[in-house]
Protein chains: 2
Amino acid sequence: MGLPLRKSKVTAPPPACPLTECMSLLRGAWAPNVIWYLSAGPRRFGELRHDIPRISARVLSARLRELEAKGVASRRVLATSPPSAEYALTELGHELVPAIKAIVEVGTRLKQHAKTRRKAPAK
Amino acid sequence: MGLPLRKSKVTAPPPACPLTECMSLLRGAWAPNVIWYLSAGPRRFGELRHDIPRISARVLSARLRELEAKGVASRRVLATSPPSAEYALTELGHELVPAIKAIVEVGTRLKQHAKTRRKAPAK
DNA sequence: CAGGATCCTAATCGATACTG
DNA sequence: CAGTATCGATTAGGATCCTG
């Protein structure tokens, strides 16, 4: 007989896994980028497209609408000609930035670490 | 003529968008969950399957192999009968936990905020 | 310029069956 | 128990065209 299952010591997420649900506000490969480029201040649709060259208009639009619906970002239509739209992070949206920064930080060190490890295999 | 494009004030990620690359270590819907449940200590394959009921063995296996390849998690085969495998976060892997926690925190408040907003539309 | 509509590709995931 | 293999469903994403 094998080992008995250990109970999880983690505060279990009972109601339909809120962890998964919460993490979904960074859904897709582009949401973090959008939040990142909005973190320095309001930005227009075209500017974001320029900031993130490989994103398509369709996906950028979709992510922005999602972020807006979730309360992470806000949309403001400017009465200019031609019309433009300006997006900004909400207060809560701004609080995501440090978390993203932390993940990027770890990711960066992880890459450096990978090289070091080839010479010093076991730590 | 429309507004001139503003230059991004964000430290631009020049080398092939490291932000996207780094965020990819939380790839998929399940990586955060796996990291989360490993954060309390080493855990076996079957235990993780039990922790995250809706994950399939195929995906759990794939995510674990990815996390291991990236240096976020480590794998240890136990000489038991039947054989078992134990996974654990590496030091750098542990550093992802606060970030995930922060995101979940914001996500939780975002949900509460959504309800409040229905009564007090403009803040 | 903003962004919706359509079509298509690629990645992810779940279920099931099977191996060591 | 710890996986791998295969299949089919779902979904993010890109490209292009088109409208206000």
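Numbered from 1 within each chain, the chains take letters A, B, ... in sequence-line order.
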Can a side chain N or O of [X] be found less than 4.0 Å away from OP1 or OP2 on [N]?
X        : N       : answer
Arg75(B) : dG3(D)  : yes
Ser84(A) : dC1(C)  : no
Tyr87(B) : dG3(D)  : yes
Arg27(A) : dT11(D) : no
Arg65(A) : dG4(C)  : yes

In whole Å, what is the span from the [atom1] atom of [X] to the [atom2] atom of [N]?
X        : N       : atom1 : atom2 : answer
Arg76(B) : dA2(D)  : CZ    : P     : 13 Å
Glu66(B) : dG3(D)  : CD    : P     : 15 Å
Glu86(B) : dC1(D)  : CD    : P     : 16 Å
Leu60(A) : dA2(C)  : CG    : P     : 10 Å
Arg44(A) : dA2(C)  : CZ    : P     : 6 Å
Trp30(B) : dC13(C) : CH2   : C1'   : 9 Å
Leu64(B) : dA2(D)  : CG    : C1'   : 11 Å
Arg54(B) : dA9(D)  : CZ    : C1'   : 16 Å

Of all heavy-atom pairs between [X] and [Y], which one has the smallest distance, and what is that distance?
X        : Y        : value
Leu25(B) : Lys70(B) : CA-NZ, 3.6 Å
Ala29(A) : Thr20(B) : O-CG2, 4.1 Å
Ala73(B) : Leu38(B) : CB-CD1, 4.3 Å

>> Does Ala62(A) reach a base, just sugar-phosphate, or nothing at all? Heavy atoms under 4.0 Å.
In response: nothing

Nearest-neighbour nucleotide for the [X] side chain, [options] considered:
X        : options                   : result
Pro82(B) : dG13(D), dC1(D), dT6(D)   : dC1(D)
Ser61(B) : dA2(C), dT4(D), dA2(D)    : dT4(D)
Ala57(B) : dG14(D), dA2(D), dT4(D)   : dT4(D)
Arg58(B) : dA15(D), dA2(D), dG14(C)  : dG14(C)
Ser56(A) : dA12(D), dA15(C), dG14(D) : dG14(D)

> Which sits closer to the 5' end of DNA chain D, Ile55(A) or Gly46(B), going by the nucleotide each is nearest to?
Replying inline: Gly46(B)

>> Using a 3.5 Å distance criterion without hydrogens, assess whether the side chain of Arg49(B) forms a donor-acceptor pair with backbone atoms of Arg44(B).
In response: no

>> Tell me if the NE2 atom of His94(B) is crowded by more than 12 foreign heavy atoms within 6.0 Å.
In response: yes

> If we only count heavy atoms from C-beta on, is the Glu21(A) to Lys111(B) side-chain gap below 4.5 Å?
Replying inline: yes

>> Assuming nearest nucleotide by heavy-atom distance, tell me which of Phe45(A) and Gly28(B) is located more 5' along DNA chain C.
In response: Phe45(A)

